[in-house]
Amino acid sequence: MIGSRMGLMVAKTLTILLTAFIVYPILWTILCSFKDSSDFLMKPVYSLPSKVYTDNYVRALVVGKMHVFFKNSSIATFPTLAIIVMAGSMAAYPIALIRWRLSGLVLSFFLTGIMIPYQIVLTSLFIIHKKLGTLNTLTCLIITYSAFGLPLAIFLFATYMKYIPREIMESAAIDGCSIYNAYARIVLPLSKNAVLTVLSLEFFIWWNDLIFAMTFINRVELKTIQTGLLGFVGEWGEVQWGPVFAGITMVIIPTMILYFALNKRVIQGMIAGALKM
Amino acid sequence: MCGAVRVVLLRTSPSDKGKAVRTSLHNRTAIAILLLPALLIYLVFVFIPICQSFYYSLHEGIPGLGLKFSGIKQYQRLFSDSILLKSLKVTAEYTAIVVAGQIGLGLLFALMIWYSFRNSALIRTLVFFPIVLPTVAVGQLFVKIYEIQPQYGLLNSFLRLVGLDAYIEAWIGHPSTALIALCVQDIWRAIGFYMLLFYAGLISISQELIDAARIDGARINVIVGRIILPLLRPVTAMAVIYCLNGTLKAFETVVALTGGGPGYETTLTTIYMFDAAFTYGEFGYGSTIAVLILMECVVVTFLANRLLLRKTSEVIW
């Protein structure tokens with residue numbers, strides 16, 4: 001080992017401290033969601049709950065209507081993922097595996113969409129959706145999320161598909177395989193990994209969207225978990241700490257479960273996206 | 001099903017093979033059809049709206065309720081708008097602090113984990129976690145950390161616990177601390193991501209290189225300074241560019257924590273754009289600010305690419 005034993009000790013301690021700095025606030029939130037109001041008023045906020053008080057969750061569900069927000073987020077996110085994977089892999093296939101004149105141009109065209117700030121389309125998209133009649137609908141979110149999720153997906157798919165050996169494509173062609181068949185029977189099955197990575201990554205991006213949801217939707221019954229939680233806390237936040245913590249925890253837990261199940265893919269996807277830019 | 005299917009002889013000559021590949025795989029119609037869905041959605045809902053925003057930036061008012069052409073008047077207004085100028089200053093400060101924090105602390109963290117806890121996937125997984133959390137959940141969590149009324153939040157409670165009562169503050173409500181409070185939140189959120197980026201770079205450094213240096217008697221600060229950091233240069237460059245790009249676009253985390261306040265202390269340009277367009281109903285001016293934000297991102301990314309990436313083949317913009 002390089003360096004001294006003391007150096008190693010220092011590094012280990014600092015690492016543990018930093019990890020605690022990251023993890024503790026989340027743990028604290030979950031613990032606080034089980035406190036009743038007397039716990040908040042009488043004891044310092046870092047103390048453990050005196051008992052497991054689940055009423056906060058009842059309030060968050062019944063009054064805060066958190067379940068509606070979950071439903072809306074699901075309706076906005078899952079169709080988006082389907083569109084992104086299908087249209088994205090279809091578009092990435094010719095870009096990655098077929099040599100034709102405009103492939104570089106088309107790829108660059110899509111790639112510009114990854115870096116742009118969303119502010120540049122907020123006003124015009126608002127008008128477009130107004131004219132289409134989709135303002136204040138979840139369809140609007142599905143369309144918008146798909147449009148902005150496609151560039152990254154195409155990039156990830158194309159990068160992955162480039163590794164499919166040319167021989168496979170050539171022998172398929174010799175066997176008389178059409179492009180569509182090649183896509184469905186060869187490219188797509190071989191890209192399973194990329195599909196999972198794209199799904200994991202894009203799920204977190206659009207499930208957590210706030211800017212489009214707050215721009216295009218203001219009907220309370222259509223709020224997603226982000227805008228819904230913002231509104232819920234706005235009404236209750238100052239006074240009722242318990243339900244707020246319950247709301248936050250309810251939003252965090254599914255994300256946490258999915259993350260720990262998929263973490264390798266999410267991390268891979270996010271890092272690939274960052275490093276290849 | 002289209003795509004010309006060519007009947008090929010059992011023994012194929014290279015030219016026949018080439019022909020078969022060219023005919024079935026280079027079918028222009030099929031390529032177009034495969035590209036069509038993505039291209040259409042992207043064109044209609046990304047590309048055209050970008051062009052339209054440029055168009056709106058030359059107008060005043062709201063389309064439908066009275067859009068008046070005003071040429072470059074809105075752009076001139078940018079120079080005399082004190083709130084916009086303040087927002088540019090806030091954005092610059094925010095970007096400087098957050099990029100330094102995320103990259104610097106991320107790198108430090110990566111070095112320490114690589115040095116002391118290399119085999120622990122658990123620590124890396126735990127530390128990466130905050131970035132996948134919904135921003136409103138993180139924002140409201142931090143509101144309660146920074147709270148002062150009606151009870152002390154986590155930070156103030158700890159300050160009181162260690163006897164530092166003098167430092168108890170309304171961290172978000174107080175103009176001089178709000179921006180730092182925001183920066184700490186955003187650094188907390190992303191430090192794990194940058195740590196992992198650097199960690200990926202660190203583990204690709206060959207151990208033999210380091211062992212050779214150690215055998216030659218090099219001390220740890222030399223090994224880090226003269227071997228590790230230079231080898232990490234490409235990763236650092238990419239990380240900085242990505243970080244800059246993300247920080248200039250910051251919006252959601254601000255909405256979740258402070259909403260832009262107190263006053264305009266945490267109003268980034270992105271926040272001001274949203275307010276101008278949707279709270280004050282000035283679509284034209286909002287579009288103008290949006291164009292400014294786009295130019296900001298393009299210029300900064302271009303400059304960063306030029307300065308940090310030596311090979312011109314890696315310049316993106």
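Protein chains get the first letters and strands the later ones, always in sequence-line order, with residue 1 at the start of each.
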Sorted by chain and residue number, the salt bridge (Lys or Arg N to Asp or Glu O under 4.0 Å) partners of B:Glu252 (sequence neighbours excluded) come out as none
Indicate the ring-plane relationship of A:His129 and B:Phe45, choosing parallel, tilted or perpendicular according to the 30° and 60° boundaries. parallel
Is a donor on one side and an acceptor on the other found under 3.5 Å between the side chain of B:Gln151 and the backbone of A:Leu41? no
With a sphere of 6.0 Å drawn around NZ of A:Lys43, does it hold more than 12 non-hydrogen atoms of other residues, nucleotides or ligands? yes
Which pair of non-hydrogen atoms, one from B:Lys144 and one from A:Trp28, has the smallest distance, and what is that distance? O-CH2, 3.7 Å
What distance separates A:Ile120 CD1 from B:Ser53 OG, expressed to the nearest 0.5 Å? 4.5 Å
Start with the C-alpha distance between A:Phe126 and B:Phe278, add both sets of side-chain angles, then the distance that settles ring-ring contact (aromatic ring centres under 6.0 Å, His included), and finish with yes or no. CA-CA 10 Å; A:Phe126 186 87; B:Phe278 298 103; 5.4 Å; yes
Looking only at heavy atoms, which two atoms of A:Leu150 and B:Ala38 are closest? And how far apart? CD1-CA, 3.8 Å
Looking at B:Leu34, is its backbone amide N or carbonyl O close enough to the side chain of A:Tyr183 to form a donor-acceptor pair, meaning the two atoms are under 3.5 Å apart? no
Interchain contact, A:Ile205 with chain B, by part (heavy-atom threshold 4.5 Å): neither
At what distance, to the nearest 0.5 angstrom, does OG of A:Ser103 lie from CG of B:Leu35? 9.5 Å
Under the side-chain hydrogen bond (donor to acceptor under 3.5 Å, both in side chains) rule, what pairs show up with a residue in residues 206-216 of chain A, not counting sequence neighbours? A:Tyr145-A:Asp209, A:Glu202-A:Trp206
Please confirm whether the backbone N or O of A:Phe21 pairs with a side-chain atom of B:Trp188, one donor and one acceptor, at under 3.5 Å? yes
Counting heavy-atom pairs under 4.5 Å with chain A, which one of B:Ile41, B:Val132, B:Leu126 comes out on top? B:Val132
Picking from B:Val235, B:Thr135, B:Ile113, which has the most non-hydrogen pairs under 4.5 angstrom with chain A? B:Thr135
If I compare all heavy atoms of B:Gln52 with all of A:Ile128, which pair ends up nearest, and what's the gap? OE1-CD1, 3.4 Å
Assert yes or no for the condition that the ring centre distance of B:Phe251 to A:Tyr118 is strictly below 6.0 Å. no
Shortest non-hydrogen pair, A:Tyr180 vs B:Ala30, comes out as OH-CA, 3.3 Å
Does B:Tyr42 have its ring centroid less than 6.0 Å away from the ring centroid of A:Phe148? no
Please state whether the side chain, the backbone, both or neither of A:Tyr46 comes within less than 4.5 Å of a heavy atom of chain B. both
Heavy-atom nearest pair, A:Met115 first then B:Lys249, reads O-NZ, 3.3 Å
